[in-house]
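This is a predicted model, so every value here is computed, not measured.
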Amino acid sequence: MILEPLPIDTVESALPQLEALLAGTAPAWLPVPAQDPREAARLSGALAGGEAIDERVALVVATSGTTGTPKGAMLTREALAASAAGTHARLGGTGQWLLAMPPHHVAGVQVMLRSLAAGHAPAQLDVRGGFDPGSLAPAHAAMTADRRYVSLVPTQLVKVLADPAATDALARFDGVLIGGAACPAPVREAALTAGIRMVRTYGMSETAGGCVYDGAPLPGVEIRLDGPESRVVLGGPTVALGYRNLPDHPAFAEPGHFRTDDAGTLSDGVLSVTGRLDEAISTGGLTVLPQVVEAVLARVPGVAEVAVFAQPDPRLGQRVAAAVVRTPGTPEGAVTVEALRRAVEAELDRTAAPRAVYLVDELPRRGPGKIDRRALAAQITNIHG
(Lines give C-alpha, C1' and ligand atoms only; values in the text may rest on other atoms or scores of the structure.)
Protein backbone atom coordinates (compact mmCIF):
# COMPACT_ATOMS: atom_id res chain seq x y z
CA MET A 1 0.00 0.00 0.00
CA ILE A 2 1.13 3.56 -0.77
CA LEU A 3 0.90 6.62 1.48
CA GLU A 4 -0.94 9.19 -0.62
CA PRO A 5 -0.76 12.92 0.20
CA LEU A 6 -4.26 14.36 0.63
CA PRO A 7 -4.36 18.16 0.05
CA ILE A 8 -7.41 19.51 1.89
CA ASP A 9 -8.66 22.93 2.92
CA THR A 10 -12.43 22.37 2.96
CA VAL A 11 -14.81 19.62 4.03
CA GLU A 12 -15.78 19.08 0.40
CA SER A 13 -12.17 18.45 -0.61
CA ALA A 14 -11.84 15.68 1.99
CA LEU A 15 -15.20 13.91 2.17
CA PRO A 16 -14.79 11.32 -0.62
CA GLN A 17 -11.40 10.23 0.70
CA LEU A 18 -12.52 10.11 4.34
CA GLU A 19 -15.65 8.16 3.44
CA ALA A 20 -13.44 5.67 1.61
CA LEU A 21 -11.19 5.51 4.68
CA LEU A 22 -14.12 4.58 6.91
CA ALA A 23 -15.25 2.00 4.36
CA GLY A 24 -11.78 0.45 4.23
CA THR A 25 -11.41 1.04 0.50
CA ALA A 26 -8.81 3.83 0.58
CA PRO A 27 -5.02 3.91 0.56
CA ALA A 28 -3.29 5.42 3.57
CA TRP A 29 -3.82 9.19 3.53
CA LEU A 30 -1.39 11.94 4.57
CA PRO A 31 -3.46 15.14 5.09
CA VAL A 32 -1.59 18.27 3.99
CA PRO A 33 -2.73 21.91 3.63
CA ALA A 34 -4.03 22.57 0.12
CA GLN A 35 -3.62 26.35 0.50
CA ASP A 36 0.08 26.09 1.42
CA PRO A 37 1.96 24.19 -1.32
CA ARG A 38 5.33 24.75 0.35
CA GLU A 39 4.19 23.23 3.66
CA ALA A 40 2.41 20.43 1.81
CA ALA A 41 5.63 19.57 -0.04
CA ARG A 42 7.65 19.74 3.19
CA LEU A 43 5.33 17.33 4.98
CA SER A 44 5.09 14.98 2.01
CA GLY A 45 8.87 14.88 1.68
CA ALA A 46 9.56 14.45 5.39
CA LEU A 47 6.96 11.70 5.78
CA ALA A 48 7.68 9.82 2.54
CA GLY A 49 4.45 10.53 0.72
CA GLY A 50 4.06 8.35 -2.37
CA GLU A 51 6.03 5.48 -0.84
CA ALA A 52 4.98 2.11 0.58
CA ILE A 53 3.54 1.86 4.10
CA ASP A 54 2.23 -0.79 6.49
CA GLU A 55 -1.10 -2.20 5.27
CA ARG A 56 -2.71 -1.53 8.66
CA VAL A 57 -2.27 2.25 8.40
CA ALA A 58 -5.27 4.36 7.38
CA LEU A 59 -4.00 7.84 8.21
CA VAL A 60 -0.63 9.47 8.87
CA VAL A 61 -1.04 12.72 10.78
CA ALA A 62 1.88 15.11 11.07
CA THR A 63 2.75 16.24 14.57
CA SER A 64 3.29 19.92 15.21
CA GLY A 65 6.31 19.06 17.36
CA THR A 66 8.61 21.40 19.28
CA THR A 67 11.72 20.93 17.14
CA GLY A 68 10.34 21.96 13.75
CA THR A 69 11.00 18.46 12.37
CA PRO A 70 7.64 16.78 11.63
CA LYS A 71 6.91 13.23 12.68
CA GLY A 72 3.96 11.27 11.34
CA ALA A 73 1.68 9.31 13.68
CA MET A 74 0.43 6.17 11.90
CA LEU A 75 -3.22 5.62 12.83
CA THR A 76 -5.36 2.59 11.98
CA ARG A 77 -9.06 2.61 11.08
CA GLU A 78 -9.67 0.83 14.38
CA ALA A 79 -7.94 3.60 16.36
CA LEU A 80 -9.95 6.30 14.58
CA ALA A 81 -13.21 4.38 15.10
CA ALA A 82 -12.44 3.85 18.80
CA SER A 83 -11.77 7.56 19.20
CA ALA A 84 -15.06 8.56 17.54
CA ALA A 85 -17.10 5.99 19.49
CA GLY A 86 -15.47 6.98 22.79
CA THR A 87 -16.11 10.66 22.16
CA HIS A 88 -19.78 10.17 21.37
CA ALA A 89 -20.22 7.88 24.37
CA ARG A 90 -18.73 10.53 26.66
CA LEU A 91 -20.77 13.37 25.13
CA GLY A 92 -24.08 11.53 25.40
CA GLY A 93 -24.79 10.50 21.82
CA THR A 94 -23.80 10.81 18.18
CA GLY A 95 -24.30 14.06 16.33
CA GLN A 96 -23.22 16.44 13.58
CA TRP A 97 -19.91 18.26 13.94
CA LEU A 98 -18.85 21.74 12.91
CA LEU A 99 -15.29 22.04 11.58
CA ALA A 100 -13.80 25.29 12.90
CA MET A 101 -10.08 24.61 12.54
CA PRO A 102 -7.62 23.61 9.80
CA PRO A 103 -8.78 20.26 8.39
CA HIS A 104 -5.33 18.73 7.96
CA HIS A 105 -4.52 18.73 11.69
CA VAL A 106 -5.59 15.72 13.73
CA ALA A 107 -8.35 17.67 15.50
CA GLY A 108 -9.82 18.81 12.18
CA VAL A 109 -9.65 15.35 10.61
CA GLN A 110 -11.29 13.85 13.68
CA VAL A 111 -14.16 16.36 13.59
CA MET A 112 -14.94 15.23 10.05
CA LEU A 113 -14.53 11.53 10.79
CA ARG A 114 -16.75 11.68 13.90
CA SER A 115 -19.51 13.39 11.93
CA LEU A 116 -19.26 10.91 9.06
CA ALA A 117 -19.20 7.95 11.45
CA ALA A 118 -22.44 9.29 12.94
CA GLY A 119 -24.05 9.52 9.49
CA HIS A 120 -23.89 13.30 9.14
CA ALA A 121 -22.00 15.47 6.68
CA PRO A 122 -19.73 17.81 8.68
CA ALA A 123 -20.51 21.52 8.65
CA GLN A 124 -17.65 24.00 8.28
CA LEU A 125 -16.48 27.48 9.15
CA ASP A 126 -13.95 28.92 6.71
CA VAL A 127 -10.93 29.71 8.91
CA ARG A 128 -8.41 30.20 6.11
CA GLY A 129 -8.48 33.95 6.78
CA GLY A 130 -8.74 33.54 10.56
CA PHE A 131 -11.48 32.58 13.00
CA ASP A 132 -14.53 34.87 12.99
CA PRO A 133 -16.72 34.22 16.07
CA GLY A 134 -19.58 36.03 14.36
CA SER A 135 -19.96 33.09 11.99
CA LEU A 136 -20.87 30.66 14.79
CA ALA A 137 -24.57 31.57 15.03
CA PRO A 138 -25.41 31.09 11.32
CA ALA A 139 -23.29 27.93 11.21
CA HIS A 140 -25.17 26.42 14.15
CA ALA A 141 -28.52 27.39 12.62
CA ALA A 142 -27.60 25.69 9.33
CA MET A 143 -26.76 22.36 10.98
CA THR A 144 -29.39 19.67 10.61
CA ALA A 145 -28.84 17.03 13.31
CA ASP A 146 -30.56 17.04 16.68
CA ARG A 147 -27.22 16.96 18.50
CA ARG A 148 -24.55 19.44 17.39
CA TYR A 149 -20.90 19.55 18.40
CA VAL A 150 -17.86 21.71 17.77
CA SER A 151 -14.17 21.54 18.67
CA LEU A 152 -12.16 24.71 19.40
CA VAL A 153 -8.77 25.74 20.75
CA PRO A 154 -8.54 28.11 23.76
CA THR A 155 -7.64 31.16 21.65
CA GLN A 156 -10.86 30.69 19.68
CA LEU A 157 -12.85 30.39 22.89
CA VAL A 158 -11.35 33.68 24.12
CA LYS A 159 -12.59 35.40 20.95
CA VAL A 160 -16.05 33.86 21.35
CA LEU A 161 -16.38 35.05 24.94
CA ALA A 162 -15.61 38.61 23.83
CA ASP A 163 -18.67 38.52 21.52
CA PRO A 164 -22.04 38.16 23.30
CA ALA A 165 -23.86 36.84 20.21
CA ALA A 166 -21.13 34.27 19.57
CA THR A 167 -21.20 33.25 23.24
CA ASP A 168 -24.96 32.64 23.03
CA ALA A 169 -24.47 30.61 19.86
CA LEU A 170 -21.73 28.45 21.40
CA ALA A 171 -23.95 27.77 24.41
CA ARG A 172 -26.51 26.18 22.04
CA PHE A 173 -24.08 23.39 21.06
CA ASP A 174 -24.59 20.08 22.85
CA GLY A 175 -20.85 19.75 23.42
CA VAL A 176 -17.82 22.00 22.92
CA LEU A 177 -14.45 20.29 22.99
CA ILE A 178 -11.57 22.57 24.00
CA GLY A 179 -8.12 21.19 23.29
CA GLY A 180 -4.83 21.70 21.51
CA ALA A 181 -3.41 23.69 24.44
CA ALA A 182 -4.13 24.33 28.10
CA CYS A 183 -7.23 26.42 28.75
CA PRO A 184 -6.60 29.14 31.38
CA ALA A 185 -8.81 28.82 34.45
CA PRO A 186 -10.45 32.27 34.04
CA VAL A 187 -11.45 31.42 30.46
CA ARG A 188 -12.85 28.06 31.54
CA GLU A 189 -14.82 29.66 34.37
CA ALA A 190 -16.24 32.33 32.06
CA ALA A 191 -17.33 29.69 29.55
CA LEU A 192 -19.08 27.57 32.16
CA THR A 193 -20.78 30.66 33.63
CA ALA A 194 -22.09 31.47 30.12
CA GLY A 195 -23.70 28.02 29.93
CA ILE A 196 -21.25 26.59 27.40
CA ARG A 197 -21.11 22.79 27.61
CA MET A 198 -17.34 22.77 27.59
CA VAL A 199 -15.21 19.63 27.79
CA ARG A 200 -11.44 19.95 28.11
CA THR A 201 -9.59 17.37 26.05
CA TYR A 202 -6.07 16.02 26.30
CA GLY A 203 -4.39 14.00 23.62
CA MET A 204 -2.24 14.33 20.54
CA SER A 205 -1.76 13.04 17.01
CA GLU A 206 -0.19 9.91 18.50
CA THR A 207 -3.46 9.06 20.32
CA ALA A 208 -5.84 9.95 17.46
CA GLY A 209 -6.50 13.30 19.13
CA GLY A 210 -8.11 13.79 22.52
CA CYS A 211 -8.37 10.60 24.56
CA VAL A 212 -8.78 12.09 28.05
CA TYR A 213 -11.83 14.30 28.64
CA ASP A 214 -11.93 16.53 31.73
CA GLY A 215 -9.16 14.38 33.16
CA ALA A 216 -11.00 11.07 32.70
CA PRO A 217 -9.88 8.57 30.03
CA LEU A 218 -12.21 7.55 27.22
CA PRO A 219 -13.37 3.89 27.24
CA GLY A 220 -10.40 1.55 26.97
CA VAL A 221 -7.79 4.30 27.40
CA GLU A 222 -5.14 3.70 30.08
CA ILE A 223 -3.19 6.36 31.97
CA ARG A 224 -0.13 5.89 34.14
CA LEU A 225 2.71 8.05 35.41
CA ASP A 226 6.30 6.87 35.02
CA GLY A 227 9.52 7.81 36.77
CA PRO A 228 10.41 10.54 39.24
CA GLU A 229 9.25 13.18 36.77
CA SER A 230 5.74 11.62 36.68
CA ARG A 231 5.75 11.36 32.90
CA VAL A 232 2.33 10.64 31.37
CA VAL A 233 2.06 7.35 29.47
CA LEU A 234 -1.12 6.62 27.48
CA GLY A 235 -2.33 3.24 26.26
CA GLY A 236 -5.38 1.71 24.67
CA PRO A 237 -7.20 1.38 21.36
CA THR A 238 -6.61 4.94 20.09
CA VAL A 239 -2.79 4.77 20.22
CA ALA A 240 -0.91 4.96 16.91
CA LEU A 241 1.19 2.10 15.58
CA GLY A 242 4.25 4.35 15.78
CA TYR A 243 5.95 7.05 13.75
CA ARG A 244 6.36 6.93 9.99
CA ASN A 245 9.85 5.57 9.13
CA LEU A 246 10.96 5.70 12.80
CA PRO A 247 10.42 2.09 13.90
CA ASP A 248 12.61 2.29 16.99
CA HIS A 249 11.39 5.58 18.42
CA PRO A 250 11.43 5.33 22.25
CA ALA A 251 8.00 6.95 22.61
CA PHE A 252 6.48 3.73 21.23
CA ALA A 253 8.92 1.27 22.83
CA GLU A 254 6.07 -0.33 24.80
CA PRO A 255 3.55 -1.88 22.38
CA GLY A 256 0.13 -0.25 22.52
CA HIS A 257 1.38 2.67 24.59
CA PHE A 258 2.68 6.18 23.91
CA ARG A 259 5.20 7.84 26.21
CA THR A 260 4.40 11.55 26.16
CA ASP A 261 6.64 14.52 26.96
CA ASP A 262 4.16 15.69 29.60
CA ALA A 263 4.30 15.52 33.38
CA GLY A 264 1.13 15.04 35.39
CA THR A 265 -0.63 13.95 38.53
CA LEU A 266 -3.34 11.32 39.06
CA SER A 267 -6.00 11.61 41.75
CA ASP A 268 -8.74 8.96 41.88
CA GLY A 269 -8.04 8.18 38.23
CA VAL A 270 -8.37 11.82 37.11
CA LEU A 271 -5.36 13.21 35.23
CA SER A 272 -4.02 16.73 35.61
CA VAL A 273 -1.25 17.67 33.18
CA THR A 274 1.24 19.96 34.87
CA GLY A 275 3.45 20.78 31.88
CA ARG A 276 5.79 19.61 29.14
CA LEU A 277 9.06 18.16 30.35
CA ASP A 278 10.85 19.20 27.16
CA GLU A 279 9.90 22.85 27.84
CA ALA A 280 11.05 22.88 31.46
CA ILE A 281 13.21 25.80 32.59
CA SER A 282 16.31 25.03 34.65
CA THR A 283 16.98 28.07 36.80
CA GLY A 284 19.40 28.17 39.70
CA GLY A 285 19.49 24.38 39.82
CA LEU A 286 15.70 24.06 40.09
CA THR A 287 13.19 23.01 37.44
CA VAL A 288 10.19 25.20 36.53
CA LEU A 289 7.37 24.04 34.24
CA PRO A 290 6.08 27.02 32.23
CA GLN A 291 2.47 25.81 32.25
CA VAL A 292 2.33 25.79 36.05
CA VAL A 293 3.45 29.42 36.18
CA GLU A 294 1.08 30.39 33.35
CA ALA A 295 -1.88 28.98 35.29
CA VAL A 296 -1.12 31.44 38.09
CA LEU A 297 -0.39 34.43 35.87
CA ALA A 298 -3.59 33.94 33.85
CA ARG A 299 -5.58 34.96 36.93
CA VAL A 300 -3.78 38.29 37.37
CA PRO A 301 -6.05 41.25 36.49
CA GLY A 302 -5.19 42.69 33.08
CA VAL A 303 -3.69 39.47 31.71
CA ALA A 304 -5.62 38.14 28.71
CA GLU A 305 -3.00 35.63 27.54
CA VAL A 306 0.42 34.72 28.85
CA ALA A 307 3.37 32.55 27.87
CA VAL A 308 6.32 31.69 30.08
CA PHE A 309 9.67 30.87 28.49
CA ALA A 310 13.38 30.60 29.28
CA GLN A 311 16.04 33.23 28.72
CA PRO A 312 19.81 32.74 29.18
CA ASP A 313 21.14 34.03 32.47
CA PRO A 314 24.87 34.20 33.37
CA ARG A 315 24.22 33.44 37.05
CA LEU A 316 21.19 31.13 37.02
CA GLY A 317 21.79 29.37 33.72
CA GLN A 318 18.25 30.25 32.64
CA ARG A 319 15.77 32.77 33.96
CA VAL A 320 11.99 32.71 33.85
CA ALA A 321 10.45 35.29 31.51
CA ALA A 322 6.85 36.00 30.57
CA ALA A 323 5.15 37.51 27.54
CA VAL A 324 1.73 39.02 28.21
CA VAL A 325 -1.18 40.03 26.02
CA ARG A 326 -3.15 42.57 28.02
CA THR A 327 -6.91 42.49 28.41
CA PRO A 328 -8.45 45.22 26.20
CA GLY A 329 -8.78 48.46 28.13
CA THR A 330 -6.02 47.64 30.62
CA PRO A 331 -3.99 50.82 31.30
CA GLU A 332 -0.35 50.81 30.32
CA GLY A 333 1.74 50.12 33.38
CA ALA A 334 -0.93 48.04 35.11
CA VAL A 335 0.81 44.75 34.29
CA THR A 336 4.27 44.87 35.85
CA VAL A 337 7.05 42.48 36.77
CA GLU A 338 6.37 43.23 40.42
CA ALA A 339 2.66 42.36 40.17
CA LEU A 340 3.32 39.12 38.34
CA ARG A 341 6.13 38.11 40.71
CA ARG A 342 3.88 38.71 43.73
CA ALA A 343 1.17 36.51 42.25
CA VAL A 344 3.56 33.64 41.57
CA GLU A 345 5.39 33.91 44.90
CA ALA A 346 2.04 33.70 46.72
CA GLU A 347 1.35 30.26 45.23
CA LEU A 348 4.66 28.79 44.03
CA ASP A 349 8.34 28.87 44.92
CA ARG A 350 9.84 32.31 44.31
CA THR A 351 12.24 30.69 41.83
CA ALA A 352 9.27 30.31 39.47
CA ALA A 353 8.47 34.03 39.48
CA PRO A 354 9.29 35.80 36.19
CA ARG A 355 12.32 38.07 36.21
CA ALA A 356 11.34 39.78 32.94
CA VAL A 357 7.93 40.65 31.46
CA TYR A 358 7.27 41.68 27.86
CA LEU A 359 3.99 43.09 26.54
CA VAL A 360 3.07 41.69 23.12
CA ASP A 361 0.09 42.04 20.80
CA GLU A 362 -0.22 38.29 20.25
CA LEU A 363 1.57 35.05 21.04
CA PRO A 364 3.15 32.99 18.25
CA ARG A 365 1.56 29.58 17.91
CA ARG A 366 2.22 26.28 16.18
CA GLY A 367 -0.27 23.60 15.25
CA PRO A 368 -3.77 23.92 16.67
CA GLY A 369 -3.32 26.60 19.30
CA LYS A 370 -0.08 25.57 21.02
CA ILE A 371 2.28 28.35 22.11
CA ASP A 372 5.53 28.34 20.13
CA ARG A 373 8.00 29.14 22.91
CA ARG A 374 11.03 28.90 20.64
CA ALA A 375 9.58 31.45 18.23
CA LEU A 376 8.53 33.66 21.14
CA ALA A 377 12.02 33.66 22.69
CA ALA A 378 13.56 34.49 19.30
CA GLN A 379 11.01 37.27 18.73
CA ILE A 380 11.75 38.84 22.12
CA THR A 381 15.50 38.60 21.51
CA ASN A 382 15.17 40.28 18.12
CA ILE A 383 13.20 43.16 19.61
CA HIS A 384 14.85 43.63 22.99
CA GLY A 385 18.25 42.01 22.50
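- Heavy-atom contacts from other residues, nucleotides or ligands closer than 6.0 Å to CZ of R299 number more than 12.
- Using a 4.0 Å cut-off between a side-chain N of Lys or Arg and a carboxylate O of Asp or Glu, D261 and R231 qualify as a salt bridge.
- The backbone N or O of G203 lies less than 3.5 Å from no partner atom in the side chain of T207, so there is not a single donor-acceptor pair.
- Remark: the backbone N or O of D163 is paired with a side-chain donor or acceptor of T167 at under 3.5 angstrom.
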Margin query: Show, in sequence, the C-alpha distance, side-chain angles and deciding distance for R342 and E345, and conclude whether the salt bridge (Lys or Arg N to Asp or Glu O under 4.0 Å) test is met.
Written below: CA-CA 5 Å; R342 283 195 302 270; E345 289 174 357; over 6 Å; no
Margin query: Let's go through D226 and R224 carefully: what are the C-alpha distance in whole Å and the side-chain angles of both, what is the deciding distance for salt bridge (Lys or Arg N to Asp or Glu O under 4.0 Å) to 0.1 Å, and is it a yes or a no?
Written below: CA-CA 7 Å; D226 275 3; R224 76 165 190 266; 2.8 Å; yes
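- Between the side chains of Q311 and R319, at least one donor N or O lies within less than 3.5 Å of an accepting N or O.
- A donor-acceptor contact shorter than 3.5 Å is absent between the side chain of R148 and the backbone of Q96.
- The closest donor-acceptor contact from the side chain of Q318 to the backbone of I281 lies at 3.5 Å or more, if one exists at all.
- M112 and V127 are assigned to two separate hydrophobic clusters, defined by single-linkage of ILVMFWY side chains at heavy-atom distances under 4.5 Å.
- For T274 (side chain) and A263 (main-chain N/O), a donor-acceptor pair under 3.5 Å exists by modelled atom type.
- T381 contributes a side-chain N or O that, together with a main-chain N or O of A377, makes up a donor-acceptor pair within less than 3.5 Å.
- The residues R374 and E279 are annotated as not salt-bridged, no charged nitrogen and carboxylate oxygen being separated by less than 4.0 angstrom.
- Taken together through direct or relayed side-chain contacts under 4.5 Å among Ile, Leu, Val, Met, Phe, Trp and Tyr, W29 and V60 form parts of separate hydrophobic clusters.
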Margin query: Set out, in order, the CA-CA distance, both residues' side-chain angles and the distance that settles side-chain contact (heavy atoms from CB on, under 4.5 Å) for I2 and E51, then state yes or no.
Written below: CA-CA 5 Å; I2 300 298; E51 299 181 17; 5.8 Å; no
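- Note: the hydrophobic cluster containing L99 also contains L6 (ILVMFWY, side chain heavy atoms under 4.5 Å, direct or indirect links).
- The local environment of CG in D146 is sparse, with at most 12 non-hydrogen atoms from other residues, nucleotides or ligands closer than 6.0 Å.
- Inspection of the S83 and Q110 side chains reveals an N or O donor paired with an N or O acceptor under 3.5 Å.
- In the hydrophobic clustering of ILVMFWY residues, with side-chain heavy atoms under 4.5 Å counting as a link, Y213 and L113 come out together.
- Checked by atom type, the side-chain pair Q17/E4 shows no donor-acceptor distance below 3.5 Å.
- Aromatic ring centres of Y243 and F252: separated by under 6.0 Å.
- Both V357 and V303 sit in one connected hydrophobic cluster of ILVMFWY residues. Membership requires side-chain heavy atoms under 4.5 Å apart, directly or through other members.
- Using modelled atom types, no side-chain atom of R200 and backbone atom of G179 make a donor-acceptor pair closer than 3.5 Å.
- In this structure, S115 contributes its side chain and H120 its backbone to a donor-acceptor pair below 3.5 Å.
- If you run ring pair (Phe, Tyr, Trp, His ring centres under 6.0 Å) between H140 and each of W97, F173, Y149, only F173 comes through.
- Under the 4.0 Å criterion applied to side-chain N and carboxylate O atoms, D174 and R197 are not assigned as salt-bridge partners.
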